[in-house]
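Worksheet for the structure shown next.
No experiment lies behind these values; they were computed from the predicted model shown. In what follows, chains are A, B, ... by sequence order, proteins preceding strands, each numbered from 1.
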Number of protein chains: 2
Amino acid sequence: MKETKSKYAVLGMLSINPMSGYDIKKRVGESISNFWSESYGQIYPILKRLVDEELVTKTVERQSGKPDRHVYALTERGRKELHRWLAEGAVPKVERNEFLLKLFFGEEISPTINIKHVEKYREIQLHLLEKYEMIKQEIENKHADDSNLPYWLMTLRYGQHVSQALLRWCDETLLTLNKIRKVGRKHGV
Amino acid sequence: MKETKSKYAVLGMLSINPMSGYDIKKRVGESISNFWSESYGQIYPILKRLVDEELVTKTVERQSGKPDRHVYALTERGRKELHRWLAEGAVPKVERNEFLLKLFFGEEISPTINIKHVEKYREIQLHLLEKYEMIKQEIENKHADDSNLPYWLMTLRYGQHVSQALLRWCDETLLTLNKIRKVGRKHGV
DNA sequence: TCAATATATATCTGAGTGATATATATTGAG
DNA sequence: CTCAATATATATCACTCAGATATATATTGA
């Protein structure tokens, strides 16, 4: 099995609690959806292979009516493998940003349309900041005594710093675009 | 053909200049590599399909010795299709951030290792800021009269705002991690 | 002279996303 | 009460995309 990051996302989730594939998908959505995503198409095959590698164990809980719950738990080897990966440095890779791609070719269309795009992007950052603040309140209450809390807050602060910076960038960019709109009228208003 | 973003990255590049698949790959690397990437595995099949759709034309330039140059140029329809896409709003999608994923599970390993990771990340932001400043000087000289310049600078400023914010986040986070290292000694120093 | 680099097209494997299929229980609006 | 929506739960498929590799030649510099 390759060093796919999904493997470690799954191991990491199981390090917090034993759970099913369905739980993992849900938990990822609740806790790390601001910087990570996993699909069933990844989770289920990975869980199978993790069992083969003896990094996790599988227990089937029968439920009346509903499908069986396949609950996966980290083994000692699984935890070691997670630690090994956590200790390795991550090489950041370029994330595709469609919004910036459009702006890069922005000269092709009218400033007015570009302004609309940036304004919408600004709105998104405002909503994100509200969301982050809500999450902060929530986890500070819910996990007050959890030793994971400081780390979870760090990832949250990351998002806050970025969104605040993007808000400033939007304001700066809107000024520039408005200047362009006033002088050149190549594409009309 | 689906609405794959690679299609529009290719159309966008050709809107600046007619060029070969090889040129496109190189130009993407030179101009938008901070927020976009394209592979040959995408570029060559897409160029073929763009010709079928009559969004681009293909001209073969024979060269002695070297392989033929297949030069692609945007048609009027191609430019319209690019404009149509540029006018559409982009829905931002979550970018996976491996660094944050590791930090989220940071409690599993020693603060010392996490500190090293954040310090390295801080270094990366410093290098990025240097790089952005160099690119700024370069394109302001090279494309002083190009009407694309303001848009190119906007995407550059985006990177600068983000990296500056991340630098501040790193400093804040290092303070927190050092506090954790001092109090709890669960994993040793 | 020879290695490294640049020019140039093309394909393949594997990672990852999103949609879909299948099946049942619960919950709330009308 | 009924029906739609939502939640629980596992699983697969099609498609996008990245990265490596194959192939072939010209130029540049140690």
Side-chain angles (χ1 to χ4, degrees), chain A residues 1-10 13 18-30 32-33 35-51 56 58-72 85 90-98 101, chain B residues 1-10 13 18-30 32-33 35-51 56 58-72 85 90-98 101:
Chain A
M1 189 172 180
K2 275 281 176 55
E3 289 279 300
T4 156
K5 286 131 204 171
S6 294
K7 172 182 173 179
Y8 298 99
V10 168
M13 281 297 144
M19 47 183 130
S20 67
Y22 180 80
D23 289 334
I24 291 173
K25 177 90 162 77
K26 209 174 45 162
R27 285 293 196 90
V28 165
E30 287 163 4
I32 57 176
S33 61
F35 56 87
W36 205 262
S37 68
E38 286 300 341
S39 63
Y40 291 129
Q42 290 284 102
I43 293 171
Y44 286 111
I46 281 173
L47 282 171
K48 256 181 207 157
R49 277 177 286 173
L50 288 176
V51 171
V56 305
K58 177 181 178 174
T59 320
V60 179
E61 288 177 11
R62 255 161 250 292
Q63 301 184 117
S64 57
K66 278 187 261 183
D68 291 349
R69 256 178 76 80
H70 301 196
V71 179
Y72 298 87
W85 174 76
V91 183
K93 51 159 280 176
V94 188
E95 340 119 8
R96 281 177 159 210
N97 185 325
E98 193 184 352
L101 185 64
Chain B
M1 189 174 180
K2 277 278 175 56
E3 289 279 301
T4 157
K5 285 131 205 171
S6 295
K7 172 182 172 178
Y8 297 99
V10 168
M13 281 296 146
M19 48 184 130
S20 69
Y22 180 81
D23 289 334
I24 291 172
K25 177 91 162 74
K26 209 175 47 161
R27 284 291 195 93
V28 165
E30 286 163 5
I32 56 177
S33 63
F35 56 86
W36 205 262
S37 68
E38 286 300 339
S39 63
Y40 290 129
Q42 290 285 104
I43 293 171
Y44 285 111
I46 281 173
L47 283 172
K48 256 179 206 158
R49 276 177 288 171
L50 288 176
V51 171
V56 306
K58 176 179 179 175
T59 320
V60 180
E61 289 178 10
R62 256 160 249 295
Q63 300 184 118
S64 57
K66 280 189 258 183
D68 290 349
R69 257 178 77 79
H70 300 194
V71 179
Y72 298 87
W85 175 77
V91 182
K93 50 161 282 176
V94 188
E95 341 120 8
R96 283 176 157 209
N97 186 325
E98 193 184 353
L101 185 64

task: For B:D23, check side-chain hydrogen bond (donor to acceptor under 3.5 Å, both in side chains) against everything at least two apart and list the hits.
output: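 Partners of B:D23 by the side-chain hydrogen bond (donor to acceptor under 3.5 Å, both in side chains) criterion, ordered by chain and then number, come out as B:S20, B:R69.
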task: Using the test side-chain hydrogen bond (donor to acceptor under 3.5 Å, both in side chains), find all partners of A:R96 that sit at least two apart in sequence or belong to another chain.
output: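 Checked A:R96 against side-chain hydrogen bond (donor to acceptor under 3.5 Å, both in side chains); matches are B:S6, B:E38.
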field: Shortest non-hydrogen contact from A:W85 toward B:L101
entry: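 Closest approach of A:W85 to B:L101: CH2-CD2, 3.7 Å.
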For the residue pair [X] and [Y], establish whether any side-chain heavy-atom pair is separated by less than 4.5 Å.
| X | Y | result |
| --- | --- | --- |
| A:E98 | B:V91 | no |
| B:I24 | B:L47 | yes |
| A:M19 | A:V71 | no |
| A:V51 | A:Y72 | yes |

Does a side-chain N or O from [X] land closer than 4.0 Å to OP1 or OP2 of [N], or not?
| X | N | result |
| --- | --- | --- |
| B:K93 | C:dG16 | no |
| B:R69 | C:dT9 | no |
| A:Y44 | D:dT10 | yes |
| B:Y22 | C:dT7 | yes |
| B:R96 | C:dA15 | no |
| A:S39 | C:dA19 | no |
| A:K26 | D:dT8 | yes |
| A:T4 | C:dG14 | no |

How long is the line joining [atom1] of [X] and [atom2] of [N], in whole Å?
| X | N | atom1 | atom2 | result |
| --- | --- | --- | --- | --- |
| B:I24 | C:dA10 | CD1 | C1' | 14 Å |
| B:K48 | C:dT9 | NZ | P | 12 Å |
| B:R27 | C:dA8 | CZ | P | 13 Å |
| B:Q42 | D:dA20 | CD | P | 15 Å |
| A:K5 | C:dA15 | NZ | P | 11 Å |
| B:I43 | C:dA8 | CD1 | C1' | 12 Å |
| B:L101 | C:dG16 | CG | P | 11 Å |
| B:I46 | C:dT11 | CD1 | C1' | 15 Å |

query: What distance do B:M13 atom CE and B:R27 atom CZ have between them, rounded to the nearest 0.5 Å?
result: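 So the gap between those two atoms works out to 8.0 Å.
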query: Contact class for B:K25 vs. all strands (heavy atom < 4.0 Å): base, sugar-phosphate, or nothing?
result: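 The residue B:K25 makes no contact with any strand.
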- prompt: Counting any heavy atom closer than 4.0 Å, what does B:G21 reach on the DNA or RNA strands: base, sugar-phosphate only, or nothing?
  reply: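 Sugar-phosphate contact only.
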- prompt: Which residue lies toward the 5' end of DNA chain C, B:S20 or A:E38, if each is placed at its nearest nucleotide?
  reply: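 The residue whose closest nucleotide sits nearer the 5' end is B:S20.
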- prompt: Taking for each residue the nucleotide of DNA chain C with the nearest heavy atom, is it A:Y40 or B:Y40 whose nucleotide lies nearer the 5' end?
  reply: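 Looking at DNA chain C, the more 5' nearest nucleotide goes with B:Y40.
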For DNA chain D, the dot-bracket pattern of Watson-Crick and G-U pairs whose distances stay under 3.5 Å, | for other-strand partners: ||||||||||||||||||||||||||||||
